[in-house]
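One is the number of the first residue; the rest follow in order along the sequence.
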Amino acid sequence: MRSWVFSVLAVCVSACGVSEDEAVRLREGESFSDAPYCGSFGCVNPYQFCTEIFLEFGRSPPICVFDDVCERLECANSNRRCALFDGFPAQVKCIN
């Protein structure tokens, strides 16, 4: 049941599009396979952020990442830079 609710929530959140200026993509050879999904109270590891990644095809479900997440990413628009915005969930997107 929990997986089903999370899947529905992920679809609804990703339906809110991401502008090309905000979009990030994984650098070649990188992945988020080691990033667990966030729980109801955030991440188990206190040094991780519960974060939505603004990918080219939509927002990711909230996953736990460290503050160096931008080292794995590049902006779809090369004139922008990756940034982590604090909040719950935090957001990783590109800015000027």
Any chance the SG atoms on C82 and C94 come in under 2.5 Å? no
Hydrophobic cluster membership, with links at side-chain heavy-atom distances under 4.5 Å among I/L/V/M/F/W/Y: are F57 and L26 in one? yes
Would you sort out whether V65 and Q48 count as a side-chain contact (heavy atoms from CB on, under 4.5 Å), showing the intermediate values? CA-CA 5 Å; V65 297; Q48 288 184 312; 5.8 Å; no
Separation between CZ (F49) and CG (L84), nearest 0.5 Å, reads 5.0 Å
If you measure from the SG of C43 to the SG of C64, is it under 2.5 Å? yes
Just wondering, do R59 and I53 contact through their side chains at under 4.5 Å, heavy atoms? no
Once rounded to the nearest 0.5 Å, what's the spacing between atom CZ of F41 and atom CZ of F88? 9.5 Å
Would you check if D67 and V69 make a side-chain contact, meaning some heavy-atom pair closer than 4.5 Å? no
The criterion is side chain to side chain donor-acceptor pair (under 3.5 Å); which residues satisfy it with Q91, sequence neighbours excluded? K93
Would you mind reporting whether F54 and L73 have side-chain heavy atoms less than 4.5 Å apart? no
Quick one: CD on E71 to CZ on F66, what's the gap to the nearest 0.5 Å? 12.5 Å
Between CG of N96 and CG of N79, what distance do you get to the nearest 0.5 Å? 8.5 Å
Indicate the atoms forming the closest heavy-atom contact of E20 with A76, along with that distance. O-CB, 4.1 Å
Least distance between heavy atoms, C70 atom then V92 atom: SG-CG1, 4.2 Å
Residues passing the salt bridge (charged side-chain N to carboxylate O under 4.0 Å, His left out) test with R25, sequence neighbours excluded, are E56, E74
Work out which heavy atom in S60 is nearest to a heavy atom in T51; give both atom names and the distance. OG-O, 4.2 Å
When you look at CZ of R27, are more than 12 heavy atoms from neighbouring residues, nucleotides or ligands closer to it than 6.0 Å? yes
Answer whether the closest heavy-atom distance between the side chains of D21 and R80 falls below 4.5 Å. yes
